[in-house]
Amino acid sequence: MSFPQGVAVPVTSRSTARGGLAFVANYNNGTLSSFRITPKGLEGPVTVFVAHGSGPNKERQKGPHLHCAVLSPDERFLLVSDLGTDQVWIFHVDQRTAELKETEKPWKAKPGSGPRHVHFHPNGKWVYSLNEMVSTVDALAWNAQKGELSTLSQVPLRAPSFTGKSDAAELAIDRTGRFLYASNRFEDTIVVFSIDPKTGALTFVQRSACGGKNPRDFVLDPSENGWLFPIRTRRTSQCSRAIRTAAS
């Protein structure tokens with residue numbers, strides 16, 4: 001496996017449900033690579049996309065920083081969050097060759113937002129984009145035919161009374177599509193929203209202390225019996241405490 005020049009820090013890898021393709025997004029050098037999965041291992045990279053551009057934050061957005069790669073439900077498109085350029089790149093996926101082709105309309109976040117992660121709703125009609133640098137979540141409409149995103153609304157993660165620095169980190173949606181969960185570092189909270197079944201709009205439900213520091217990641221109980229497990233910090237894999245979810 002090889003990458004373009006520069007320090008490659010893989011932050012996300014994804015494979016198709018069929019298991020024949022894999023994709024790797026790299027944060028530091030802003031590249032996206034696609035591979036074929038064969039009985040002998042990975043072949044490629046087939047396509048290497050080098051992102052371009054910057055954002056208004058001179059400290060954190062001097063260049064592209066790809067942070068997440070997610071396949072559309074039909075696996076025809078790949079969505080890639082770029083914290084450094086405030087956009088979500090969208091690619092056509094060739095299921096046979098693993099070739100990626102950039103679409104003409106990446107989704108543009110508000111300048112300085114820093115998109116970190118995207119997540120499809122189970123119905124495939126909506127996408128939620130987590131903005132690390134401003135601690136917000138954008139609700140987006142997904143055009144599955146054209147492979148295009150359009151903005152519906154935005155909600156904040158920070159409590160109105162919180163005045164310190166915060167960085168949004170992770171989001172998840174329960175299997176029923178009723179609730180969205182997001183973690184907010186430095187405020188050290190897990191924020192819960194209900195999802196309107198008709199419009200996809202988010203409504204605040206609850207803000208819970210994560211029980212530790214800097215909840216970089218979390219996972220929902222696979223049985224979905226009502227537990228969420230935060231992961232504590234970027235330097236450890238310590239689980240702070242289990243939290244009862246809104247679905248319980």
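Quantities reported herein were computed from a predicted structural model and do not represent experimental measurements. Start at 1 with the first residue, then count along the sequence. When reading the values below, keep in mind they use all heavy atoms of this one structure, side chains included, and skip hydrogens, waters and symmetry mates.
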J.: If the threshold is 4.0 Å, N to carboxylate O, is there a salt bridge linking R185 and E170?
T.: no

J.: So do the side chains of L78 and W89 get within less than 4.5 Å of each other, counting heavy atoms only?
T.: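 Counting from C-beta outward, L78 and W89 never come under 4.5 Å.
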
J.: Report whether F204 and I173 are members of the same hydrophobic cluster (ILVMFWY, side-chain heavy atoms less than 4.5 Å apart, transitive linking).
T.: yes

J.: Only counting residues at least two apart or in another chain, list the ones meeting salt bridge (charged side-chain N to carboxylate O under 4.0 Å, His left out) with K165.
T.: D167

J.: Side-chain donor-acceptor pair under 3.5 Å between W107 and T151, yes or no?
T.: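 Present: a donor and an acceptor within the cut-off.
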
J.: What's the verdict on side-chain contact (heavy atoms from CB on, under 4.5 Å) for E132 and L83, showing C-alpha distance, side-chain angles and the deciding distance?
T.: CA-CA 8 Å; E132 175 176 333; L83 182 147; 3.2 Å; yes

J.: If you apply the rule side chain to side chain donor-acceptor pair (under 3.5 Å), what do you find for T85 with Q87, and how did you get there?
T.: CA-CA 6 Å; T85 68; Q87 58 190 328; 3.0 Å; yes

J.: Does any non-hydrogen side-chain atom of P106 lie less than 4.5 Å from one of V88?
T.: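 The answer is no, as the side chains (C-beta and beyond) never meet within the 4.5 Å cut-off.
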
J.: Is there a side-chain contact between N131 and D138 (heavy atoms, below 4.5 Å)?
T.: yes

J.: Using the salt bridge (charged side-chain N to carboxylate O under 4.0 Å, His left out) criterion, which residues pair with E43? Sequence neighbours excluded.
T.: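 If we apply the salt bridge (charged side-chain N to carboxylate O under 4.0 Å, His left out) test to E43, skipping adjacent residues, the hits are R36.
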
J.: Are V155 and V191 linked, directly or through intermediate hydrophobic residues, by side-chain heavy-atom contacts shorter than 4.5 Å (ILVMFWY only)?
T.: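 The answer is yes; both residues are in one hydrophobic cluster.
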
J.: Under 3.5 Å, is there a donor-acceptor pair linking the side chains of E187 and T189?
T.: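 Their side chains do contain a donor-acceptor pair, which is all the 3.5 Å distance test asks for.
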
J.: Are side-chain N/O atoms of R116 and S81 paired as donor and acceptor at under 3.5 Å?
T.: no

J.: Is there a donor-acceptor contact under 3.5 Å linking the side chains of S113 and D86?
T.: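 No.
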
J.: Are any of the side-chain heavy atoms of R158 and N184 separated by less than 4.5 Å?
T.: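 Yes, their side chains come closer than 4.5 Å.
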
J.: Do F91 and F49 have ring centres separated by under 6.0 Å?
T.: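 Aromatic pair counts; centres sit under 6.0 Å.
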
J.: Is there a side-chain contact between N26 and L66, using heavy atoms and a 4.5 Å cut-off?
T.: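 The answer is no; the side chains never approach within 4.5 Å.
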
J.: Shared ILVMFWY cluster between V24 and L42, side chains joined below 4.5 angstrom?
T.: yes

J.: Determine whether the aromatic ring centres of residues F77 and W142 are separated by less than 6.0 angstrom.
T.: yes

J.: Quick one: do L152 and I195 end up in the same hydrophobic cluster if we chain Ile, Leu, Val, Met, Phe, Trp and Tyr together by side-chain heavy atoms under 4.5 Å apart?
T.: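 Looking at the clustering, I195 is in the same group as L152.
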
J.: With rounding to the nearest 0.5 angstrom, report the OG to CG distance, S183 to L171.
T.: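 Between atom OG of S183 and atom CG of L171 there are 8.5 Å.
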
J.: Evaluate the side-chain proximity of F35 to L21: yes if any heavy-atom separation is below 4.5 Å, no if none is.
T.: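 A side-chain contact under 4.5 Å is absent here.
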
J.: Using only atom types and a distance under 3.5 Å, with no angle test, would you say the side chain of N214 pairs donor to acceptor with the backbone of R216?
T.: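 Not a single qualifying donor-acceptor pair exists.
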
J.: Tell me, do L130 and T136 make a side-chain contact under 4.5 Å, heavy atoms counted?
T.: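 They are not in contact (no side-chain heavy atoms under 4.5 Å apart), so the answer is no.
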
J.: May I ask you to test the S34-E99 pair for a side-chain heavy-atom distance under 4.5 Å?
T.: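 SC-SC contact between S34 and E99 ruled out.
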
J.: Closer than 4.0 angstrom, basic N to acidic O: yes or no for D196 and K198?
T.: no

J.: Please confirm whether the ring centroid of Y128 lies under 6.0 Å from the ring centroid of H119.
T.: no

